[in-house]
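First comes the structure, then the notes that go with it.
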Amino acid sequence: MSNDEHINQPVAEGGPGGRLKAAREAQGLSLDKIAEQLHLTIPIIQALENNDFKHLPQAVFVKGYVRNYARYLGLDTEVMMAAFVAACPDEDGKRPLKHSYNVQQQVNSGHGMVKAVTWFVVLGFIALMLLFWYDEIVQQFNPQTTDVSNGSSIENEALGFNLQPDDSGHETPTGDDGQAPTEMASENRSSAVPADNFSPLQAENTTASEAGISEAVVETSRTESVAPQQEPLASTATTAVALRFSKNSWIRVRDSAGSFRRTGLQKEGEVLTLGGKPPWQLKLGNAAAVSIEVNGRIDTGWQQHIDHRGVAEFTLNP
Amino acid sequence: MFLFPKRLRGVFSNDLSIDLGTANTLIYARGQGIVLNEPSVVAIRQDRPGGSKSVAAVGEEAKMMLGRTPGNIVAIRPMKEGVIADFTVTEKMLQYFINKVHESRLIRPSPRVLVCVPCGSTQVERRAIKESANGAGAREVYLIDEPMAAAIGAGLPVDEPRGSMVLDIGGGTSEVAIISLNGIVYANSVRIGGDRFDEAIINYVRRNYGTLIGDATAERIKHEIGSAYPGTEMLEIEVKGRNLAEGIPRSFSLNSNEILEALQEPLSGIISAVKTALEQTPPELGSDVAERGIVLTGGGALLRDLDRLLEEETGLPVIVAEDPLTCVARGGGLALELMDERGGHFLSQE
């Protein structure tokens, strides 16, 4: 076996260890001599030559032994190292370190999930800020068109004839003027009537049926006090009030029962038909641009309420 | 620049392991590997006497200036023998390096930082390193003993109930330690390192050739022909220095045997530290070391045939770790990862 043959072979059938062994034998060196020179034990040298990684320590040591061995034999250390790294089965020095006790895994700021969540929160926060800012701008601009800026939020609610006491109770706080108490009173009165109170006939029936019961004195008197109020309501069925807008105008309308309300900007050319029970509390921003029609006839009597700012605030009872 | 609190900014920063060495500073970023390897040198400019000082250059650029600066610039190595010699300059240097690693970031970085400290450093020196890392913008600072980081970085089985011996030869200090079960059983630090080798070469040349050479030349001689054990081949190098008798620069040649002779004194200091460590090691761990060997890390491990010298002196197998220069920084990075998973048992107390 010639020396050159084995050194020039990339990886012989004996693997990298086989090449070391062949080179050693070619130079006529014994295992004892090598072990003495490298300060290693004979079993380790044998394990190296037989590629027996089970009986060798960690990769860092094996690489060092191979480098020293190859250098001693005058082989190319880099080539031998590369051959051993390729032959080494499991590790290249990156074995995960074990630990003697378990400590719960902590999620730290470098964790990808934490980063993603933080970005999400930050972006969400920025989006909310933008939304809030946009709302502010819109609120500032709309009331200015009518010169009425009392800071109330824009609400466009047409509740129609909803007389549920719960609902009206919820809405009272959203009203922002000093008329809340009277509204409350009228609501209480109407809510005391359990049944639909738009039919006077029914109301009279209730009165009649309850008149005979002596215990229900209080209730009867309440129902009676409601009864006269319902007559004008009946008359609204025949009174049609319409507001025509020749220009944009900010308005606030509320009927006496609190069931019909409209607050906000009315566009040019719109017609608003008032519902609910008269009389209506009206506040017209751009009053000159509004005409009121009662049963198809134009009513001008209210125009005396227009103040120097062009705002009219009055009660309409046709 | 956004002024978010450190904790929030930390989300946008990487965890870093810093090997704040006397000669070189290495930074390992978690998940990225070694991201910075620059000399620990800062050049400070002061245009008027008593005027304000500013940083002229840091790292590689500043090292080029060492010994070649005009009057208004001073090139400083702020670390001496593994510890801080100039607190403010070290802080500036760290700040520069941390920012350099996070160069592309919009938000000022505030990483968690693990700094490797020599095991022989005092509490005051450790506190200084911690404060300077804090001052450089770190959110949290952890310290780890250098030999521990070196052993982890070299791939030693530090977690096993087996003695592993590591010898880390840095720029300013050499540390020898026996590690078992994630802890240091014995550690010793001697203030001998690459700088002392350079110094020994300068002294040798002055004594034998009557010629003065600079630090950079001495370092080049060490890299090119320095050796710790008489080898078969003799290397030669041509150097130029100022002849002390004539006062004129002269050229002369040095060979590797001369350098071997020059390095005898610092090398014997390291050998005696290793021998002391072996003497102090409990017998069970000593037999583990004798069976498997001593692992060399740090820049000093690259000195030619240092492993053979140690083998001859101790009679034990000596192994040079792969990529010995970056072992400490890589080990620190691994310790940082393990710390998150299993708690900070590797870390040294302040």
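Throughout, a chain's letter reflects where its sequence line sits, starting with A, and its residues are numbered from 1.
- With a 4.5 Å cut-off on non-hydrogen atoms, Q37(A) touches chain B through its backbone but not through its side chain.
- Between D307(B) and R67(A) there is no salt bridge, since no side-chain nitrogen of the basic residue lies less than 4.0 Å from a carboxylate oxygen of the acidic one.
- Contact record, G293(B) with F61(A): O-CE2, 4.0 Å, taken as the closest heavy-atom pair.
- Heavy-atom minimum distance, G315(B) versus H39(A): O-ND1, 3.3 Å.
- Contacts between V295(B) and chain A at a heavy-atom distance below 4.5 Å involve the side chain alone, from C-beta outward.
- N68(A) places no side-chain N or O within donor-acceptor distance of the main-chain N or O of I319(B), the cut-off being under 3.5 Å.
- With a 4.5 Å cut-off on non-hydrogen atoms, L56(A) does not touch chain B at all.
- For the pair E291(B) and I44(A), the tightest heavy-atom approach, listed with the atom from each and the gap, is O-CD1, 4.1 Å.
- Counting heavy atoms from C-beta outward, R162(B) and Q58(A) have side chains that stay 4.5 Å or more apart.
- For the pair P317(B) and L38(A), the tightest heavy-atom approach, listed with the atom from each and the gap, is CB-O, 3.9 Å.
- For CD of E284(B), the number of neighbouring non-hydrogen atoms (other residues, nucleotides, ligands) closer than 6.0 Å is 12 at most.
- Counting heavy atoms from C-beta outward, R71(A) and D305(B) have side chains that approach closer than 4.5 Å.
- Between R308(B) and Y72(A) the shortest side-chain heavy-atom distance does not fall below 4.5 Å.
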